[in-house]
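Lettering of chains follows the sequences in order, A, B, ..., and the numbering in each one begins at 1.
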Amino acid sequence: MDDETRDSDFEQAVPGASTTAGPAIGKDEWVARSGERRGGRTGWRGVLEARLARVPWWTWLILFIGLVALLPVGFESGYVRRIAFNTVIFVLLALGLNVVVGWGGLLDLGYAAFFGVGAYTYALVSSDKFDLHLPIFLSIPLAAVIGGLVGLLVGLPSRRLSGDYLAIVTLFFFQIFLTATNNSDNIFGDDLAGGPNGLINIDPLSLFGHRLEISHDGIFNVAYLYVALALFGLVYVALRLANDSRTGRAWRSLREDPLAAELMGMPVNWLKLTAFAFGAAVAALTGSLATALDGSVFPQTFEFPLVITIYTMVILGGAGSQAGVVIGAVLISVLLEVLREPGDSRFLLYVAGALALLGALKLSARFAAVLGGTIVLGFLAHAVAGRIDEGWTSGVPNGGGRVAEWVDEWVIVPADLAGWITPASYIGLVAIVLGLTLVRGWTRLVLLVPTLYLAAFVWENVLLAKPEPTRFVILGALLVAVMVARPEGLLGEKRVEII
Amino acid sequence: MDTFIQLTLNGLTLGSVYALIALGYSLVYGILKLLNFAHGDVFMVGSFIGYGALQALGGSANPKVPLWLLLVLVTLAAMVGCAILGVAIERFAYRPLRNAPRIAPLISALGVSFFLAYSVQLLFGAEQRDYDAFALGEGTLFFSGFDIGNVRVPLLRIIIIVSAFILMVLLWLLVTKTRIGKAMRATSHDREAAAMMGINIDRVIVFAFVLGSALAGAAGVLFALRAPTSATIGFIIGLKGFTAAVIGGIGSIPGAMAGGLILGFAEAFTQGYISTRWSDLLVFAILIAFMLFRPQGLFGRPDINKV
Amino acid sequence: MKRAIMLALVSVVAAVLAATAVARPAATVSADAQQAVSCKSTLKIALVTPLTGGAGFLGNAQLSWAKYAVKRLQRTYGLRIRLVTGDTPVEQGPAPAQALAQKYVADRSVVAVIGPATSGAVAATSRTYFQAGLAHISPSATRTSLTQGAVKEATQAFFRVVGGDYIQGPSDAKFMVEKLKVSKVVIIDFQEPYSVGLADAAQSFLKAKGVTVIRESTSVKTTDFSSLVTKVPNDAQIVFFPTQQPEDAQTFGQQLLEQGKRAKVFGGDGSNSPDKFKLPGSYVSNFAPDISGFAYNKALIAGWKRDNPKSSLESFGPPTYGAVQVAMNAIRRACNVGKGQIKDRRDVVRNVKRIVVKNWILGGDFRFSTRTNDPLNARFYIFQIQSNGSYKLVG
């Protein structure tokens, strides 16, 4: 902490001020020293943070877009490009949800339904279903407008309802959407939207009369990635402008204290409605783009796990911060994709674990002790288990991959997993981790060592064996962990609720 | 007429289970003003614990103990297991967020719900588990009973309805006649005042979770006796139980019971007389109507915002 | 003013990006394009099926048989094959299948795909596979509209080795009319493609034969069917129940008995599971007979049992063996045509149709129909559950 005030500080603040030490006339010392009181780190970290904070937001935006745009240059695989596209879609969805949850403070649990509304709208006006083939200048804005209208409709009950009840109403609206789309092939006897079979043969995007084929020889057409990026840029800027305007400030006041906002004369209901409508419009827009690429739409895509996924992205990134939400979306999207293949995702636990340990204990003797202890314990346990019974360590880690060979010597991977071990080890791990939050000091450090090893065991034998439920288990755990430990997420603002 | 009786019976059976779940929601909401989204998944875990207990006791084909004892033990196992689970959830996912913005514990609850459902799927697979009550006692549960007109009321249904009723009565007695019940009512009325009166709020909250989760566990067993359970039913059944709580008035115990029964009847009758295809939709529409025009439900008090 | 400039700037950037996207020629296909793969190297066959989630039992059965097929048939066809698996849990809709399709299309060493297992996934990804020229042979996607009808949801690169629902529905209905002499049938669907397709097919056949049909529909998530059972008339003989969860068929049958209804449950191939659906008197239809009924399968079954001691024979696995057999046969032919190389994966597609397999695992000989990519003369087998829970072939 810089304790001394230099005269030069004052001089810069007020031109022509006296250079003698001590309070200057016409100058509030307390205000002038406010910079010291603001939390910030010293040394090179502090300087770095200060410098970074001065970079304007649109620089980051252009950097991000540029990076993703250059991705296809580095990676030629259609798969990677497709994943990049999916990630941008998720980013857009997260941005939309951020408006509702982060800025408006409204818990909208039916968000995926708006995504679906946009998807179906585009599908219905751009396919053979009703023989409408609108150009995208009509169909995409139409999807957004309809999404916004539906958002308004859903938001209407919110006038009378507080946060919890609003969550319920949106949840039920979501259920209604699911039921309606699943039964859409039998509405009074007419097949309106394909029902469970969905709609296929939907037109791809066509710009200026030029059809943008979704794939060449089956490989993802990278043009779609650029379109998605363009859309992302537009939406980001538009939302940013909205947030910096009066509406944004009004939203913030609504979020912090709706009662006070109302008493201050804010049109609370109208604000809620616009928040809903904006979020819904963004989701619907995204839905139309995603459908154009897929060429088909099915009601099974819009299920509750999608809602939870987007929520995790927003919460992790920091509700209320657009940049944070983008980062959160990228992280989670990539994580989910990597988790598909046990061989590729194995390293995740070890890297994440090491980083977490580093973050918690910093580079210190304790860190070295815990890390070293875990490694040693591992080798010991592996050796002992191998001696007792060959079969206990002769198994092959799921999915192979490079890391598997190193890990094979360290983690106990039985060839034949007895039925009770899976639930016992998993539940045991959860219990120990929860218990760790209750103890402090030396006990915690010492217990950390076997816990880490148990975590590696469970990871290898239980979680990687079934990647699909694992991804949702991780999402759920992340959601709880972030809310409890760091509710503002990565880049969000710390909020204090005034009772 | 027979259809009517049968549908009434269906509604009663379903409604009893919903009522038990709704009670859990009401108990927690009354004190914490928190919608425990994870409650439905606690119900699901209860049905799985019950299944495990059933298998441990020999399975429904060859039980090692007499039928009545089997049912009691299985239900108790589920209730105890869920109570522990409920306490753990409260302690680690909700208590740290007691002073956070209202949205925070809600999101945490979502995370817990997801975590539970997919953990069960991870550990035990996604297949359905059938208690196969049919085989219990060689079909006595299904075939013995009494008749109302042409409709037979099987023993199993009687057991379910009566057990649920007994549990509800026990709960009501607990809440109205005991000290801890009085403490719970006081806390739900005004938390700060209760604290100032010397009531240990933490303990009251834990107790509410214990009760609510135990009831959910029992509901899990009673439900699974008639229909297979799986890792993902927690969401939809929880939603229905939650609907029941809201219809009856969330925070009110007689309301939860009434709401459960009403929902059970509504579902049975819309499926029976109108259409099975749209029954869910109709139920949700009823709920939204309630939320718009009488958000406090049937028995609840209107929520007056104190400034 | 500043805002307007910013918005304009971004719009320009956006428009430029989009324009370059349009103007960019197809050259981005680049190195993924035509590179021949040597048949002496390890080729990959991808299995796309739900390994986890509600239909996990289906996927895992398919996996065990696919592994066995690869192991057993490599020498026969002189190939080195590695099986890669992609999980498409049914709860997540078509998205996982689409991502996997992109992955396999981009990987040149993947020369054939077994699956997708679910019809929805086929509808969502067939175009992608077709454009890349990747043959996808499904052992379980039975939806009629994939290969029949005015708008076929699947492409020319899609093949299936089991009969579609357009065979199962009418053949089940035919059995009901001819052997069971029904006059009133209740048909239930679960608002998802498989059951709706089967229900529709059965319904039209029954109606044409003058049978009274009552159609009901419920959500696939329902497990308590009480009210549905209440609606079954006392004089209905059969309830057609094309579920994909055998426990539901069992529960439904029990609840029918509980409420004193006489109707018997008739399940489709999705309910085929002697472990879980064992209510005596019920019927089940399936695209495969019990494969142990064919003498030439004896060694095959014994070998599978050795590799999978804890598993029992069920119906979804053996067609997968057949599918792998067809795939490897086609790959071998493509290799012969390309003289030790597969120059273009489309060669594999072209060779699939001509394949004839004698002593097919599901009985008889196997060949494809000339008109569609479905098997010629596929038939469905109908079983009745006996009092000891075993399945007896009755039709």
Side-chain angles (χ1 to χ4, degrees), chain B residues 2-14 17 118 121-122 125-135 139 141-143 145 147 150-157 223-224 226-233 235-237 264 267-273 275-281, chain C residues 50-60 87 89-92 186 188-191 196 214-234 243-261 273 275-280 389:
Chain B
D2 286 346
T3 319
F4 179 77
I5 298 176
Q6 183 67 57
L7 287 176
T8 313
L9 189 60
N10 294 346
L12 206 53
T13 323
L14 260 180
V17 173
Y118 284 95
Q121 188 174 332
L122 180 69
E127 304 92 43
Q128 297 183 322
R129 307 278 159 160
D130 197 353
Y131 278 34
D132 207 5
F134 205 68
L141 287 181
F142 271 72
F143 292 118
D147 284 345
N150 277 337
V151 176
R152 183 178 46 221
V153 181
L155 187 59
L156 182 61
R157 297 222 194 201
F223 175 84
R226 297 203 67 248
T229 174
S230 75
T232 41
I233 61 165
F235 180 67
I236 194 80
I237 303 280
E267 213 179 290
F269 282 109
T270 48
Q271 283 191 348
Y273 286 129
S275 158
T276 44
R277 183 184 274 269
W278 302 104
S279 67
D280 277 353
L281 209 63
Chain C
L51 293 168
T52 56
F57 68 94
L58 186 153
N60 282 298
D87 188 4
V90 290
E91 291 83 3
Q92 291 180 36
V186 175
I188 301 182
D189 75 69
F190 300 94
Q191 296 166 9
V196 168
I214 301 168
R215 178 73 175 264
E216 292 292 343
S217 171
T218 184
S219 159
V220 72
K221 298 191 183 111
T222 314
T223 46
D224 185 349
F225 303 103
S226 312
S227 303
L228 203 50
V229 169
T230 310
K231 288 175 91 166
V232 172
N234 286 331
T243 178
Q244 290 187 299
Q245 287 165 150
E247 299 92 346
D248 284 349
Q250 176 81 355
T251 309
F252 191 80
Q254 288 173 344
Q255 291 181 347
L256 275 174
L257 283 174
E258 186 209 16
Q259 293 191 28
K261 308 281 177 184
S273 172
D275 291 334
K276 303 198 179 116
F277 182 34
K278 45 189 187 231
L279 200 64

Given a strict heavy-atom distance threshold of 4.5 Å, which part of C/Q254 is in contact with chain B: side chain, backbone, both, or neither? both

Could you tell me which portion of B/Q121 (side chain, backbone, both or neither) has an atom closer than 4.5 angstrom to a non-hydrogen atom of chain C? side chain

Rounding to 0.5 Å, atoms CD (B/Q6) and NZ (C/K261) come to a distance of 6.5 Å

Relative to chain C, which segment of B/F223 carries a heavy atom at a distance below 4.5 Å: side chain, backbone, both, or neither? side chain

Is C/L257 close to chain B through its backbone or its side chain, or both, or neither, when contacts mean heavy atoms under 4.5 Å? both

In terms of heavy-atom contacts, does CZ of B/F4 have more than 12 from other residues, nucleotides or ligands at under 6.0 Å? no

Could you tell me which non-hydrogen atom of B/A268 sits nearest to which non-hydrogen atom of C/S227, and how far apart they are? CA-OG, 3.5 Å

Taking every heavy atom of B/P228 against every heavy atom of C/D248, the minimum-distance pair comes out as CG-OD1, 4.2 Å

Heavy-atom proximity to chain C below 4.5 Å, by part of B/I237: neither

CD1 of B/I5 to OG1 of C/T230, rounded to nearest 0.5 Å, is 11.5 Å

Tell me the closest heavy-atom pair linking C/K231 and B/Q271, and the distance in Å. NZ-O, 2.9 Å

Greatest number of non-hydrogen atom pairs under 4.5 angstrom with chain C, of B/T229, B/L9, B/L7, B/N10, falls to B/N10

Chain C contacts, top residue of B/R152, B/R157, B/R129 (heavy-atom pairs, under 4.5 Å): B/R157

OG (B/S230) and CD (C/E247) are apart, to the nearest 0.5 Å, by 9.0 Å

